[in-house]
Amino acid sequence: MEGKGYSGSFFQRSKPYIAMISLQFGYAGMNIITKVSLNRGMSHYVLVVYRHAFATAVIAPFAIILERYTNMVAWFKRVLAFINLYW
């Protein structure tokens with residue numbers, strides 16, 4: 001029984017380290033792709049647009065799924081206030 005608790009607590013304790021290692025791999029991959037694409041002649045502006053489009057496509061599903069029902073009433077009131085502001 002204690003083995004399960006220890007492995008669970010080990011995983012909980014190592015989450016920040018796993019997240020930072022994953023983040024560093026992401027930064028390294030982004031730098032490599034940026035270097036190769038700029039050396040091949042891609043415009044800086046086009047690269048920024050592609051990078052933001054890719055980031056939006058990756059992050060948007062998480063935001064939609066995880067924040068679906070959080071503060072739905074407050075969001076609806078803000079939308080109505082925004083519509084009334086410019087109506």
Side-chain angles (χ1 to χ4, degrees):
M1 290 282 177
E2 287 184 35
K4 283 186 176 180
Y6 178 73
S7 64
S9 64
F10 174 74
F11 181 70
Q12 290 297 325
R13 288 182 291 155
S14 62
K15 274 186 182 179
Y17 301 109
I18 293 170
M20 282 307 296
I21 290 170
S22 301
L23 186 68
Q24 289 299 321
F25 275 113
Y27 281 147
M30 184 183 67
N31 284 334
I32 291 170
I33 290 171
T34 300
K35 179 82 171 155
V36 168
S37 60
L38 289 176
N39 284 342
R40 289 188 177 187
M42 182 180 272
S43 170
H44 293 273
Y45 302 114
V46 173
L47 181 65
V48 168
V49 170
Y50 282 158
R51 188 172 63 196
H52 281 93
F54 180 76
T56 302
V58 169
I59 293 175
F62 290 107
I64 291 169
I65 291 170
L66 296 176
E67 300 291 330
R68 180 173 292 174
Y69 298 111
T70 306
N71 289 330
M72 186 70 89
V73 174
W75 179 81
F76 188 68
K77 287 181 181 178
R78 282 188 217 131
V79 169
L80 287 178
F82 182 75
I83 290 172
N84 287 333
L85 184 66
Y86 290 106
W87 189 259

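Side chains included, hydrogens not; waters and symmetry mates left out as well; all remaining heavy atoms used.
Grouping Ile, Leu, Val, Met, Phe, Trp and Tyr residues whose side-chain heavy atoms lie under 4.5 Å apart, directly or via other members, places Tyr27 in a hydrophobic cluster with Met20, Leu23, Met30.
Under the 4.5 Å side-chain heavy-atom criterion for ILVMFWY residues, a single connected hydrophobic cluster contains both Leu38 and Val46. By the criterion of side-chain heavy atoms lying less than 4.5 angstrom apart, applied directly or through intervening Ile, Leu, Val, Met, Phe, Trp or Tyr residues, Met42 is not grouped with Val48; the two fall into different hydrophobic clusters.
In terms of heavy-atom proximity, Ser37 sits nearest to Leu47 at OG-CD1, 3.7 Å.
Within the model, atoms OG1 of Thr56 and NE2 of His52 stand 7.5 Å from one another, a figure rounded to the nearest 0.5 Å. A distance of 10.0 Å separates OH in Tyr17 from CD1 in Ile21, rounded to the nearest 0.5 Å. Phe54 contributes atom CZ, which lies 7.5 Å from atom CD1 of Ile33 (distance to the nearest 0.5 angstrom).
For Arg51, the CZ atom is densely surrounded, since the number of other residues' heavy atoms within 6.0 Å is greater than 12.
Side chain of Arg40 to backbone of Val36: no donor-acceptor contact under 3.5 angstrom is found.
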